[in-house]
Amino acid sequence: PLTLPLPLMLQAATMSYLFEPDIIRWPTHRETEWCGHCKKLAPDFETAATRLKGTVPLAKVDCTASPDTCGRFGVTGYPTLKIFRNGEDASSYDGPRSADGIVHFMKKQAGPNSVTLRREADLEAFVNHFDASVVGKSRVLLFRPPRLSSKFEESVLRFTETITTHTLRRFIRDNIFGMCPHLTNENRDKLKGQDLLTAYYDLDYLQNPKGTNYWRNRVMKVGSQFASQGLSFAVANRRDFVDELEEEFGLGSSDGGDLPFVTIRTQQGFKYTMREEFTRDGKSLERFLEDYFAGRLKRYIKSEPIPEKNKGPVKVVVAESFEEIVNDPEKDVLIEFYAPWCGHCKSLEPKYKELAEQLYSDPNIVIAKMDATANDVPQGFDVQGFPTIYFAQAGKKDQPKRYEVKCPYTVNTILHKQTQTSHIPVFPLYSVSSNLPLQKNHI
């Protein structure tokens, strides 16, 4: 038999062959060699492909080698993952991106939508699961995982509305996680789409369920006092989020000791940390929440140090200096958000610098850049890929404009395109990098 590497590497010539109906579903990992996020995903994707062999094929396409193929399926950034069913593009993959998460998600996709429970023993086995379970016949019940059983909420919820797809989906969506779920790499994307307080500690439901729920119950006891104020709660294993805690909240591996470390992240991206030690009576958490809802907490901002020297034509901006430089009310500011590993950013750099040099003598214009991987991006600037360029006009700092690709321009052309309302030249996103517009690189 023909042995193929995993995941399958697809090219335009082989795409039609693999789109046969017997390929039921698979996430397509479209990557480019210079994409940092693709490289980060690759080991997990390959591990998942090996574990899913014979169950769900996984494949990938290099969009730099097969641009027509990727364009046919609307791929504009990397990596993009899609699920195909019966040879058709069925949906975008919105599951976790760890190896375990991909395997778990795709096995569910490949399996039946529901199972028949014929005996009481089948029901007991079905609901005794790591995740919540939904059982329906004459009525619909949602069973919370036994490990998350608590006196602060019901373990079984009954669906009381008229059964329709919409009402049932809403019931499950609103109750599936409960008051204080276990945040994991598999469910993180679903939970983090809300204002969320998370307590990170040595959580272990397999070896120490009692000790794990000791801290969770304290979070729930305090959280129940603030349940109506729009903040959700979760607990998580600190070891599962070491990199994120360090990168996003400046937490070292030894910070917090054996006690929970508490953070809040809002939908707007605002971040807060509880610096007071988590007390066993929950009073420190209560004070933290009172200060949060009263607006007394100082936001945590990830920032590089402000440069001691910053006299070059392209001003270096960090999170701590963003307000001073980019939001200067009297200056027109062009700001590039980049990543050190981004190939398009490197291609753009010499032209961007050339533009800055030619505009350097104008005191009303600032050409700037910020490493968006090392600094928090302020609210109002939607950075979904690199490079992303915004124009913050004098007098209109609350309305930053993102430059989009329209047509290619050289630097000389840019300098002759002036707006009527500002000093800055009009030019499309990426156009200064070459005479060919570059593709977006979505995170």
Can F261 and T273 be said to form a side-chain contact (heavy atoms from CB on, under 4.5 Å), step by step? CA-CA 8 Å; F261 182 80; T273 61; 4.0 Å; yes
Less than 6.0 angstrom separating the ring centers of [X] and [Y], yes or no?
| X | Y | value |
| --- | --- | --- |
| F386 | F337 | no |
| Y214 | Y201 | no |
| H182 | Y205 | yes |

Starting from the C-alpha separation in whole Å, work towards a yes-or-no answer on ring pair (Phe, Tyr, Trp, His ring centres under 6.0 Å) for F73 and F84. CA-CA 11 Å; F73 294 102; F84 284 77; 5.2 Å; yes
Within-4.5 Å side-chain heavy-atom neighbours: [X] and [Y]:
| X | Y | result |
| --- | --- | --- |
| F233 | M220 | no |
| V377 | M370 | yes |
| S284 | E277 | no |
| R97 | K40 | no |
| F288 | L297 | yes |
| P387 | H344 | yes |
| V219 | W215 | no |
| D195 | I264 | no |

Whether the side chain of [X] engages the backbone of [Y] through a donor-acceptor N/O pair (distance < 3.5 Å, no angle test) should be reported.
| X | Y | value |
| --- | --- | --- |
| N187 | L183 | no |
| D44 | A99 | yes |
| S150 | E153 | no |
| D204 | Q207 | yes |
| R239 | D202 | no |
| E304 | A374 | no |

Under a 3.5 Å threshold, yes or no: a donor from one side chain and an acceptor from the other, between Q393 and D332? no
Residue pair Q194 / S232, side-chain donor-acceptor N/O under 3.5 Å: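 Their side chains do contain a donor-acceptor pair, which is all the 3.5 Å distance test asks for.
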Please evaluate residues Y200 and N237 with respect to the criterion side-chain contact (heavy atoms from CB on, under 4.5 Å), reporting the C-alpha separation (whole Å), side-chain torsions for both, the decisive distance (0.1 Å), and the verdict. CA-CA 6 Å; Y200 298 89; N237 188 342; over 6 Å; no
Does atom NZ of K353 have more than 12 heavy-atom neighbours, drawn from other residues, nucleotides or ligands, at distances under 6.0 Å? no
How about NZ on K221, more than 12 heavy atoms from neighbouring residues, nucleotides or ligands closer than 6.0 Å, or not?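 Incorrect, the count does not exceed 12.
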Distance under 6.0 Å and angle within 45° of the ring axis: does K401 meet both against F391? no
Nearest-0.5 Å distance that lies between atom [atom1] in [X] and atom [atom2] in [Y]:
| X | Y | atom1 | atom2 | result |
| --- | --- | --- | --- | --- |
| N185 | D240 | CG | CG | 5.5 Å |
| S303 | D376 | OG | CG | 8.5 Å |
| K298 | K271 | NZ | NZ | 13.5 Å |
| R173 | L168 | CZ | CG | 11.5 Å |
| E46 | L41 | CD | CG | 9.0 Å |
| T263 | L196 | OG1 | CG | 7.0 Å |

Steps toward side-chain contact (heavy atoms from CB on, under 4.5 Å) verdict (V222, E286): CA-CA 6 Å; V222 175; E286 186 175 336; 4.1 Å; yes
May I have the step-by-step check of side-chain contact (heavy atoms from CB on, under 4.5 Å) for E324 and I306, ending in yes or no? CA-CA 11 Å; E324 177 187 354; I306 296 177; 5.6 Å; no
Is it true that E290 and R296 make a salt bridge, defined as a side-chain N closer than 4.0 Å to a carboxylate O?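 No salt bridge links E290 with R296.
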Take D371 and T373 through the side-chain hydrogen bond (donor to acceptor under 3.5 Å, both in side chains) test and state the conclusion after the steps. CA-CA 5 Å; D371 181 353; T373 66; 2.6 Å; yes
Picking from L334, I365, V314, what satisfies side-chain contact (heavy atoms from CB on, under 4.5 Å) with L355?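 Of L334, I365, V314, side-chain contact (heavy atoms from CB on, under 4.5 Å) with L355 is met by L334 alone.
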Students often mix this up, so state it plainly: with edges at 30° and 60°, are the rings of Y272 and Y292 parallel, tilted or perpendicular?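 Perpendicular.
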Over 60° means perpendicular and under 30° means parallel, so classify the ring planes of Y390 and F381, tilted if in between. perpendicular
